[in-house]
Participant: 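Once you've had a glance at the structure underneath, I'll fire off some questions.
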Amino acid sequence: MSIRDAMRNPICTNCGGPAIIGDISLEEQHLRIENARLKDELDRVCALAGKFLGRPISTLATSIAPPLPNSSLELGVGSNGFGALSTVATTLPLGPDFGGGMSNALIPPSRPTTAVTGLDRSVERSMFLELALAAMDELVKMAQTDEPLWIRSLEGGREILNQDEYLRNFTPCIGMKSNGFVTEASRESGMVIINSLALVETLMDSNRWSEMFPCMIARTSTTDVISSGVGGTRNGALQLMHAELQVLSPLVPVREVNFLRFCKQHAEGVWAVVDVSIDTIRETSGASSFVNCRRLPSGCVVQDMPNGYSKVTWVEHAEYEESQVHQLYHPLLRSGMAFGAQRWVATLQRQCECLAILMSSSVPTRDHTGITASGRRSMLKLAQRMTDNFCAGVCASTVHKWNKLNVGNVDEDVRVMTRKSVDDPGEPPGIVLSAATSVWLPVSPQRLFDFLRDERLRSEWDILSNGGPMQEMAHIAKGQDHGNCVSLLRASAMNANQSSMLILQETCIDAAGSLVVYAPVDIPAMHVVMNGGDSAYVALLPSGFAIVPDGPGSRGPTSNGQVNRN
């Protein structure tokens, strides 16, 4: 209404008399309104920054130079522990006098696209900033608060989120839950052999993050860096990320999430990294697409401890569409054990223990002493590629372009897919076939894992064993548990004219589950790898098993389990 009155009775800002507008096009009127909205938005962002910096932030000087295409809004660094928000690029379409009357704020009609784009970008980024701050506040409170917010379960001792208490204490920062969605929430704490700075750097780098959690993250990328942090640190780093999260089963769809990741240093040696979905903001801007999962404020609080260790408290909170998940996995997902905090912490502990062993100058006593240091690295790199390809075949992530086959005489819980392998030295050329299924077994995960990884019992289930026991030719430890290792197995020759076959195998186990992955490999190629040669040209097609507990009543490798076979 104010804008309408101002346009009916225009006043000259220089002399105060009536202004003669002349013929103003509809496009110019829209630009005037856009500029007014843009100024309000800038005032709101500055007020938001001033709230956390403890001092007012001036919007802009009364006289501003002609516009630059990539101007930025400096938010400064505070001294109250939230000195985080370095620079938020806004691409503001500023006119020659942003603080004057409406006529002086006019953008030239030849640049209408810039005005709209700049406004959308500045509004979206300010919304991202508000969302990140609210998510960080919620994460820290959920990590530090015990009962009645978190209640200890009588089955397995895991923590359960009290939904009523949560709704009383927190305002949903990404809106209300969608119809058909259910909630999962979990919290876990543990000691990890990594310092807080190294862990924060890992989490804020998409490549290192996926390497730290290889079986959980199918694919990830950083789509936009809003702030890289201040003072050469990650304090205040804010970025947009995309990720595909997976459970190793063809019966659980991959979770594709677009989210903000925000890092903040709360005290000396205390950091927090929070994730939160941005789908509600993108819906507002008209750039939304269907999502099967929303990530509520989730992440970790990391505190440095003596001797290079850190105490990590992890919180996972999500909403997902349950109808897309097979009935067999409903209890596991509802408990938060499939994508939950326990799995993140267990994987982090196992991976950091592996890195500590690999960086150590001493070789574990059970390792094969004939392998050089460079040979160990090449074998481990090859084993990691093998495991990554196994996971991609089980979950059908977008790492590869799969085509699903409809096979008439195969049960619906068996997924059969094909893809073409062309010009990939790490795979045989031709059509790659993948078949995966999940079954429930009345046996503990630990016992099943020990049975599958025992080379002396290989002939009971593996046709590649040629009906006899296998012999371990090389062994590289990846953890204190004997089950975390990479090994090279040799099968017995069926006759004197047949050369024996080599099997590369990686096994791993932690509190969240276990994995046995293997592939036949060429003998000359493996000799090159064991001597430190390039493993990228070793062609392999992996098979294996992923073993998880069967529901919320279990904790650790002692209960009945579900097996995913590929």
Participant: Indicate whether any N or O donor in one side chain lies under 3.5 Å from an N or O acceptor in the other, for Asn207 and Glu211.
Facilitator: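 Side chains of Asn207 and Glu211: no pair found under 3.5 Å.
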
Participant: For Ser186 and Ala341, indicate whether the former's side chain and the latter's backbone hold a donor-acceptor pair under 3.5 Å.
Facilitator: yes

Participant: Do Ser438 side-chain atoms and Ser249 backbone N/O form a donor-acceptor pair below 3.5 Å?
Facilitator: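 Looks like no, no N/O pair under 3.5 Å.
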
Participant: Is there side-chain contact between Leu240 and Leu260, with at least one heavy-atom pair below 4.5 Å?
Facilitator: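 Yes. Closest side-chain heavy atoms under 4.5 Å.
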
Participant: Please check this pair: side chain of Thr437 against backbone of Asp413, looking for a donor-acceptor N/O pair closer than 3.5 Å.
Facilitator: yes

Participant: To the nearest 0.5 Å, what is the distance between CD (Glu472) and SG (Cys485)?
Facilitator: 6.5 Å

Participant: So, Lys381 and Asp534, do they make that salt bridge, N to O below 4.0 Å?
Facilitator: no

Participant: Any donor-acceptor pair under 3.5 Å linking the side chain of Ser298 with the backbone of Leu296?
Facilitator: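 Confirmed, Ser298 side chain pairs with Leu296 backbone.
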
Participant: Measure the shortest side-chain to side-chain distance between Tyr518 and Leu464 over non-hydrogen atoms and say whether it is less than 4.5 angstrom.
Facilitator: yes

Participant: Compare all side-chain heavy atoms of His242 with those of Glu256 and state whether any distance is below 4.5 angstrom.
Facilitator: yes

Participant: Which atom names give the shortest non-hydrogen contact between Pro253 and Phe339, and what distance separates them?
Facilitator: O-CZ, 4.4 Å

Participant: Atom CE of Met241 and atom CG of Asp275: how far apart are they, to the nearest 0.5 Å?
Facilitator: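 So the CE of Met241 and the CG of Asp275 are separated by 7.5 Å.
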
Participant: Can a donor-acceptor pair be found, under 3.5 Å and without considering hydrogens, that links the side chain of Asn531 to the backbone of His527?
Facilitator: yes

Participant: Using a 4.5 Å cut-off on heavy atoms from C-beta on, say whether the side chain of Leu380 contacts that of Lys478.
Facilitator: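 With C-beta onward as the side chain, the pair touches.
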
Participant: Please assess Ser189 against Val345 for the test side-chain contact (heavy atoms from CB on, under 4.5 Å), listing each intermediate value before the final yes or no.
Facilitator: CA-CA 7 Å; Ser189 296; Val345 172; over 6 Å; no

Participant: So, do Arg419 and Glu427 sit near enough that their side-chain heavy atoms are less than 4.5 Å apart?
Facilitator: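 SC-SC contact between Arg419 and Glu427 confirmed.
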
Participant: Do Ser196 side-chain atoms and Asp304 backbone N/O form a donor-acceptor pair below 3.5 Å?
Facilitator: no

Participant: Please find the pair of heavy atoms, one from Thr220 and one from Ser210, that lie closest to each other, and give the distance.
Facilitator: CG2-CB, 3.7 Å

Participant: Is the number of heavy atoms from other residues, nucleotides or ligands under 6.0 Å of Ile431 CD1 greater than 12?
Facilitator: yes

Participant: Indicate the atoms forming the closest heavy-atom contact of His317 with Gln163, along with that distance.
Facilitator: NE2-NE2, 4.5 Å

Participant: Which distance, rounded to the nearest 0.5 Å, do you find between the NE2 of His475 and the CG of Leu488?
Facilitator: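 Answer for the NE2-CG pair, His475 versus Leu488, is 12.0 Å.
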
Participant: For the residue pair Ser459 and Gly467, what are the closest heavy atoms and their distance?
Facilitator: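 Of all heavy-atom pairs spanning Ser459 and Gly467, the closest is CB-C, 3.6 Å.
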
Participant: Has Arg295 got a side-chain atom pairing as donor or acceptor with Ile278's backbone, closer than 3.5 angstrom?
Facilitator: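 It does not hold such a pair.
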
Participant: Measure the OG-CE distance between Ser378 and Met530 for me, rounded to the nearest 0.5 Å.
Facilitator: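 These two atoms lie 11.0 Å from each other.
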
Participant: Walk me through whether Met526 and Leu382 qualify under side-chain contact (heavy atoms from CB on, under 4.5 Å).
Facilitator: CA-CA 10 Å; Met526 283 309 302; Leu382 179 60; 3.7 Å; yes

Participant: Would the distance check show the side chain of Arg158 and the main-chain N or O of Met337 forming a donor-acceptor pair, the cut-off being under 3.5 Å?
Facilitator: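 Here the side-chain-to-backbone pair does not exist.
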
Participant: Do Arg343 and Glu316 make a side-chain contact, defined as non-hydrogen atoms from C-beta onward lying under 4.5 Å apart?
Facilitator: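 Arg343 does not reach Glu316 side chain to side chain.
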
Participant: When you compare the side chain of Leu515 with that of Phe390, does any pair of heavy atoms fall below 4.5 Å?
Facilitator: yes

Participant: Could you go through the side-chain contact (heavy atoms from CB on, under 4.5 Å) check for Asn484 and Cys508 one step at a time?
Facilitator: CA-CA 4 Å; Asn484 289 319; Cys508 57; 3.3 Å; yes

Participant: Are the side chain of Arg187 and the backbone N or O of Met142 linked by a donor-acceptor pair below 3.5 Å?
Facilitator: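 Here the side-chain-to-backbone pair exists.
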
Participant: Answer yes or no: are there more than 12 heavy-atom neighbours, outside Arg208 itself, under 6.0 Å from its atom CZ?
Facilitator: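 Check passes, neighbour count above 12.
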
Participant: Would you find a donor on one side and an acceptor on the other, under 3.5 Å apart, between the side chain of Gln349 and the backbone of Met191?
Facilitator: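 Yes, the answer is positive, given that a donor and an acceptor are paired below the 3.5 Å cut-off.
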
Participant: Which heavy atom of Val301 sits nearest a heavy atom of Ala272, and at what distance?
Facilitator: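 Answer, listing the atom of Val301 first, then Ala272: CG2-CB, 4.2 Å.
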
Participant: Rounded to the nearest 0.5 Å, what's the gap from CZ on Arg255 to CD1 on Ile217? Could you check?
Facilitator: 13.5 Å

Participant: How far apart are the closest heavy atoms of Arg294 and Ile174, and which atoms are they?
Facilitator: NH1-O, 2.7 Å

Participant: Could you walk me through whether Arg261 and Thr222 satisfy the side-chain contact (heavy atoms from CB on, under 4.5 Å) test, starting with their C-alpha distance in whole Å, then the side-chain angles of each, then the deciding distance to 0.1 Å, before giving a yes or no?
Facilitator: CA-CA 10 Å; Arg261 176 161 290 180; Thr222 300; over 6 Å; no

Participant: For atom CZ of Phe451, is the number of surrounding heavy atoms from other residues, nucleotides or ligands below 6.0 Å larger than 12?
Facilitator: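 Atom CZ in Phe451 is crowded, with more than 12 foreign heavy atoms closer than 6.0 Å.
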
Participant: As an exercise, state the distance from CG of Asn195 to CG of Asn307, rounded to the nearest 0.5 Å.
Facilitator: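 Rounded to the nearest 0.5 Å, the CG-CG separation comes to 12.5 Å.
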
Participant: Can you tell if the side chain of Cys215 reaches within under 4.5 Å of the side chain of Thr347, non-hydrogen atoms only?
Facilitator: no

Participant: Can you list the residues that meet the ring pair (Phe, Tyr, Trp, His ring centres under 6.0 Å) rule with Trp344, with sequence neighbours excluded?
Facilitator: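 By the ring pair (Phe, Tyr, Trp, His ring centres under 6.0 Å) rule, Trp344 matches Phe213, Trp314.
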
